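Input: a single structure, listed below in C-alpha cells.
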Amino acid sequence: MSYVDEIISQVTEKNPAEPEFHQAVREVLDSIRPVIEKNEEKFRKDALLERLTNPERQIKFRVPWVDDNGNVQVNTGYRVQFNSAIGPYKGGLRLHPSVNLGIIKFLGFEQIFKNSLTGLPIGGGKGGSDFDPKGKSDREIMAFCQSFMTELCKYIGADTDVPAGDIGTGAREIGFMFGQYKRLRGVFEGVLTGKGLSFGGSLARTEATGYGLLYIVDELLRSHTYSIEGKTVVVSGAGNVAIYAIEKAQQLGAKVVTCSDSTGWVYDPEGIDVAALKEIKEVKRARLTEYKNYRPNSEYHEGRGVWQIKADIALPCATQNELGIEDAKALVANKVIVVAEGANMPTTEEATKYLQDNGVFFIPGKAANAGGVATSALEMSQNSERLSWSFEEVDKQLKGIMEGIYHNIDDAAKRYGYEDNFVVGANIAGFEKVLDAMNAQGIV
Ligand code: NDP
C-alpha cells in the first residue's frame, strides 16, 4: 500500500466518528501524492504524514455559564493547535451547536495549508464551542465568552496562538473575549484578530474574506480572457463572508441574484440589495424572510435552492457540505464558469469532482477564502507595530495577496501536470512551504 493510502486509512481508523476530518485529510493527501511519491521512503522514515495529520496539541474544556433565568448551562470548548511550523497558530473560533472535535480538526487541518498560501508567517489552528449564540441576550453572550476565555487564555498569546472569528463569532464576541483575556492576563496585546477598530482591529478585516474571494475570482477570469463585468452570480449564506462577497461582486460590475440563511433563500432577479441585507443580518440579526419587505419583487423560498438558479459564477459562502452532487449537476447544466468556495469545504468531494470533470474552474476554500486570515495576519502586524493602516492600504495588500495566491496555485498545478486543477495546485503550494519548514526544524 502506498504511504498516502496507509495514512488515509490510519487517520480514519484512529479518529472514529470524525467524517469531516477524514474528508479533509483525504482531499489534501490525495492531491499531494505526486510530491510524496517523489521521495516516499524518506517521508515514511521521517513519519512526515503522521506528524502532519496529528495535531501538535488539542485542548477540550468545560464552559459553565449562567443564563438569564439563573440556570447553569454547560458547553464544551475546543482549541486544536495543529501545526506551528511556519508561525504561531492562527484560525477562528466557531460557535455553533454542530461543533465537535472532528469539525474543529477538519478546520484546523485545512487552516495549515490556507495560512501557508497567504505567504505570511502563520501556523494552523482552530477552536470553538457547541454553544449556540442564536436567541441569546447580550448578557448571556458575555457570560459565555468570559467563561470560554477564562480557560482558553492559558493556551493562547500574541506570539503563540492568535484566534479570530468564524461562524457565530463576530465583533461582539471577540470584544467580550478580548476584554476577559486582558483582565485575566493583565496584558494588552494582539491575542485575537477581528477586534473593534477602537482597540486594535484592522480596517477592511470585516470585508476581507468576501472581498478576497472576488479578487481571486477576478484574477482567474482575467487570466483566462474572461471579464467579471456583466456576469450573473449566485451566492449562498447571508453572513460575514456572503455579504461582502456580494458587495464586491457588485462593485466589480457583476449581478448577484441570490443569498440564503439556515432556513431559506432569496432570489432577487434585479440584484441583491446589500444595504437591506446588512440591515437585516448585521443590525436586526433577523431572518431572510424580512428581505421581501425591502424588495417586494424578490422571492423567498424555504429550504435550499440557490444552486438551481442559472449563473456564470457560484460562490458557496455558508457552511461545509452545502453543495452536493445534484447541485453540481444543476450548475453544470446551467453552464456555470467558476465555482469558488467562500466557506470552508462547502462542496462535497463528489460534487467537486463532477464540476472539475465538466470543465468548471473550481477554487477551493483554502485559496479562495484565505483573504480573511491574511488580513488577520495584517492586523497582527499592525498590533506589533502599534500602528493602524488605512482602509486603502489594507485593501491593496489584500488584493495583492489574493492575486499572488492565484498565480501560486496555478503555477503549482502546472508544475505537476494538473493545469487548471486548483485543488491540486492549492494543496501542493500550501504543503510545499510547510514541508520545507518541518524538514528544517527536525523531528518535532
Ligand atoms: P456567519 O455566521 O457570519 O454566516 C454564516 C451564514 O451561513 C449565515 O447566513 C448562516 O445562516 C448560514 N449557515 C450557517 N450554518 C448553516 C447550515 N448548517 N445550513 C445552512 N446555512 C447555514 O459566518 P461567516 O460568514 O463568517 O462564515 C461562513 C463560512 O465561511 C464558514 O464556513 C467559515 O468557516 C468560512 N470562513 C469565514 C471567514 C471569515 O473571515 N468570516 C474566513 C474564512 C472562511 P443564519 O443567518 O441563519 O445563521
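Values in this document were obtained by computation on a predicted structure and should not be read as measured data. Each ligand, and each atom within it, is numbered from 1 in the order the structure gives.
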Give me the residue, atom name and distance of the protein heavy atom closest to [atom].
atom	answer
atom 32 (O) of ligand 1	N344 N, 3.1 Å
atom 25 (O) of ligand 1	V241 N, 3.0 Å
atom 33 (C) of ligand 1	D166 OD1, 3.2 Å
atom 4 (O) of ligand 1	G239 CA, 3.2 Å
atom 41 (N) of ligand 1	N240 OD1, 3.3 Å
atom 9 (O) of ligand 1	A238 N, 2.9 Å
atom 16 (C) of ligand 1	T319 CG2, 3.6 Å
atom 12 (C) of ligand 1	A318 CB, 3.9 Å

Once you round to the nearest 0.5 Å, how far does [atom1] of [X] lie from [atom2] of [Y]?
X	Y	atom1	atom2	answer
Q146	L184	CD	CG	9.0 Å
H22	I8	NE2	CD1	11.5 Å
D132	Q73	CG	CD	11.5 Å

By number and element, which atoms of ligand 1 are closer than 4.0 Å to a non-hydrogen atom of [X]?
X	answer
A343	29 (C), 30 (O), 32 (O), 35 (C)
S260	9 (O)
T209	38 (C), 39 (C), 40 (O), 42 (C), 43 (C)
K281	46 (O)
G168	2 (O)

Side chain, backbone, both or neither: the part of [X] lying under 4.0 Å from ligand 1 by heavy atom:
X	answer
A208	neither
Q320	neither
C317	backbone
I167	both

Option of least heavy-atom distance to atom 20 (C) of ligand 1 (set: A368, G92, S262):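 The residue whose heavy atom sits nearest atom 20 (C) of ligand 1 is S262.
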
At the 4.0 Å heavy-atom cut-off, does [X] count as touching ligand 1?
X	value
M345	no
G342	yes
R205	yes
R287	yes
K134	yes

Qualifying residues under ring-ring contact (aromatic ring centres under 6.0 Å, His included), relative to Y406, sequence neighbours excluded: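 Result, ring-ring contact (aromatic ring centres under 6.0 Å, His included) vs Y406: F422.
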
K310, NZ: over 12 other non-hydrogen atoms inside 6.0 angstrom: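 Yes.
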
Would you please say whether a donor-acceptor pair under 3.5 Å links the side chains of [X] and [Y]?
X	Y	result
N344	K114	yes
N427	S31	yes
Q23	E27	no
Q382	S202	yes
N383	K195	yes

Under 3.5 Å, side chain of N83 to main-chain N/O of G123, donor-acceptor pair present?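 Here the side-chain-to-backbone pair does not exist.
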
Option passing side chain to side chain contact (heavy atoms under 4.5 Å, CB included) with N75 (candidates F148, F61, W65):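 Exactly one candidate clears the test, W65.
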
Over 60° means perpendicular and under 30° means parallel, so tell me whether F361 and Y226 are parallel, tilted or perpendicular.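 It falls in the perpendicular class, over 60°.
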
Within 45° of the six-membered ring axis of F188 and under 6.0 Å from that ring's centre, is NZ or CZ of K182 located there?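 Pair K182/F188 does not count as cation-pi.
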
